[in-house]
Number of protein chains: 2
Amino acid sequence: MNNSHAKSRCNLFFETLGTRLKIDIITELKHEALNVNELARKLNQERSKVSHALLSLSECGFVNARKEGKRRIYSLNKETIIPLINLAERHVKKYCKACRKQRTERRKTK
Amino acid sequence: MNNSHAKSRCNLFFETLGTRLKIDIITELKHEALNVNELARKLNQERSKVSHALLSLSECGFVNARKEGKRRIYSLNKETIIPLINLAERHVKKYCKACRKQRTERRKTK
DNA sequence: AGAATATGTGAATTACAATTCACATATGAA
DNA sequence: TTCATATGTGAATTGTAATTCACATATTCT
């Protein structure tokens, strides 16, 4: 109906964090900076999939990349992400039953 | 590939906040508690659409509803949402160029 | 009871992000 | 320069949330 989007523009921010893979990537990067192959191996996911996810994470300023030889090392922008994830986990524990019984469990395995 | 989702379960939390409409609803409810019709009118959106959005917001513990006569008044669970939105907006201002040039602008109008 | 108001709901459709796959590029080693 | 390693990318497909619409339910008033 109406498409005038004047205010409140953090929906993309949240949308970007709204998949399991990206949360898992962030969880890994909390501990150490990693390149795509290492991430893909650790999470047991396709490299290309992880690469796409990292692109959107970096477009939103959640991760930074530095080149090191033939590798690209991705690191977490911890300044806002750490308190954000903490806040989210606290909320889920306290208020969000739907989040605790994961929606992913209902999803089909390929 | 792998479907063992043992850790990190706040992706649904973020996914739920990942649309414009829900962020707009939260923004309205910051100021005052409202019922569905009032929200729909203020946001210039279909009532049923707002109703569905409120359902998912309430399943995630973002809003609470109380019955008052024939109305249902929705109020914001401010405890975690207000600091969360503040954190998100600070991040967007500082780091997220992609979020500032809204993705919605590219979307087709019906 | 019947009408008006307020809201919920489920199923079909639509829209779009996530995934996949084949190929492009970039770096360093032999 | 050829090969191996590491990564990026775009386009087609797939999966799924958002939207729509027609109908159900619930409350209050006359």
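Keep in mind it's a predicted model, so treat the numbers as computed, not measured.
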Asker: NZ of Lys94(B): more than 12 outside heavy atoms within 6.0 angstrom?
Answerer: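 No, NZ of Lys94(B) has 12 or fewer neighbouring heavy atoms, counting only those of other groups under 6.0 Å.
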Asker: Starting the side chain at C-beta, find the nucleotide from dT19(C), dA18(C), dT20(D) nearest to Thr19(A).
Answerer: dA18(C)
Asker: Could you tell me if the side chain of Ile25(B) sits less than 4.5 Å from the side chain of Leu57(B), heavy atoms only?
Answerer: yes
Asker: In this structure, how many angstroms lie between the C1' atom of dT27(C) and the NZ atom of Lys67(A), rounded?
Answerer: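 For the pair Lys67(A) NZ and dT27(C) C1', the rounded distance is 7 Å.
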Asker: Evaluate salt bridge (Lys or Arg N to Asp or Glu O under 4.0 Å) for Glu15(A) paired with Lys22(A), printing each intermediate quantity in order.
Answerer: CA-CA 11 Å; Glu15(A) 186 184 315; Lys22(A) 288 178 200 147; over 6 Å; no
Asker: Whether Ser51(B) contacts dT7(C) is assessed here as follows: a side-chain N or O lying under 4.0 Å from the phosphate OP1 or OP2. Is that the case?
Answerer: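 Indeed not, no polar side-chain atom of Ser51(B) lies that close.
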Asker: Which comes earlier along DNA chain C counting from the 5' end, the contact point of Gly69(A) or that of Ala53(A), where each point is its nearest nucleotide?
Answerer: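 In this pair, the answer is Ala53(A).
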Asker: Using a cut-off of less than 4.0 Å, is there contact between a side-chain N or O of Tyr74(B) and OP1 or OP2 of dG8(C)?
Answerer: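 So the side-chain polar atoms of Tyr74(B) do come within 4.0 Å of the phosphate oxygens OP1 or OP2 of dG8(C), strictly under.
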Asker: Using whole Å, report how far CD of Glu46(A) lies from P of dA6(D).
Answerer: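 Going from Glu46(A) (CD) to dA6(D) (P), I get 17 Å.
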Asker: Tell me whether the centres of the aromatic rings in Phe13(B) and Phe62(B) are closer together than 6.0 Å.
Answerer: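 Between Phe13(B) and Phe62(B), the centre distance is under 6.0 Å.
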Asker: Would you indicate what Leu55(B) reaches in the nucleic acid, counting non-hydrogen atoms under 4.0 angstrom: base, sugar-phosphate, or nothing?
Answerer: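 Result for Leu55(B) = nothing.
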Asker: Please check if Val63(A) and Phe14(B) belong to a single hydrophobic cluster, counting links between Ile, Leu, Val, Met, Phe, Trp and Tyr side chain heavy atoms closer than 4.5 Å.
Answerer: yes
Asker: Leu21(A) CG to dA17(C) P: how many Å, rounded?
Answerer: 16 Å
Asker: Can you check whether Lys70(B) has a side-chain N or O nearer than 4.0 Å to OP1 or OP2 of dT5(C)?
Answerer: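 For dT5(C), neither OP1 nor OP2 has a side-chain N or O of Lys70(B) closer than 4.0 Å.
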Asker: Indicate yes or no: at least one non-hydrogen side-chain atom of Ile81(A) is less than 4.5 angstrom from one of Leu29(A).
Answerer: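 Contact flag for Ile81(A)/Leu29(A) side chains = no.
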Asker: Between Glu68(A) and Gly18(A), which has a closest nucleotide on DNA chain C that is more 5'?
Answerer: Gly18(A)
Asker: What integer distance in Å separates Leu54(B):CG from dT19(D):P?
Answerer: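 Rounding to the nearest Å, CG of Leu54(B) and P of dT19(D) are 12 Å apart.
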Asker: Any heavy-atom pair between the side chains of Ile82(A) and Leu76(A) that's under 4.5 Å?
Answerer: yes
Asker: So which of residues 32-41 of chain B are in contact with DNA chain D, with a heavy-atom cut-off of under 4.0 Å?
Answerer: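 None - not one residue of the stretch has a heavy atom sitting under 4.0 Å from the strand.
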Asker: Tell me the interatomic distance from His52(A), atom NE2, to dT9(D), atom C1', rounded to whole angstroms.
Answerer: 6 Å
Asker: Would you say the base of dT9(D) and the side-chain of Ser48(A) have a donor-acceptor pair closer than 3.5 Å?
Answerer: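 Yes, a donor-acceptor pair under 3.5 Å.
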Asker: Does Arg71(A) get its side chain close enough to the base of dG28(C), under 3.5 Å, for a donor-acceptor pair?
Answerer: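 When only heavy-atom distances are counted, Arg71(A) does not reach the base of dG28(C) through any donor-acceptor pair under 3.5 Å.
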Asker: How many Å lie between CG on Leu57(A) and C1' on dA17(C), as a whole number?
Answerer: 14 Å
Asker: How many whole angstroms separate atom CZ of Arg72(A) from atom P of dG28(C)?
Answerer: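 So the CZ-P distance, Arg72(A) to dG28(C), works out to 14 Å.
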Asker: Rounded to the nearest angstrom, tell me the gap between atom CG in Leu17(B) and atom C1' in dA17(D).
Answerer: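 It is 14 Å, rounded to the nearest whole Å.
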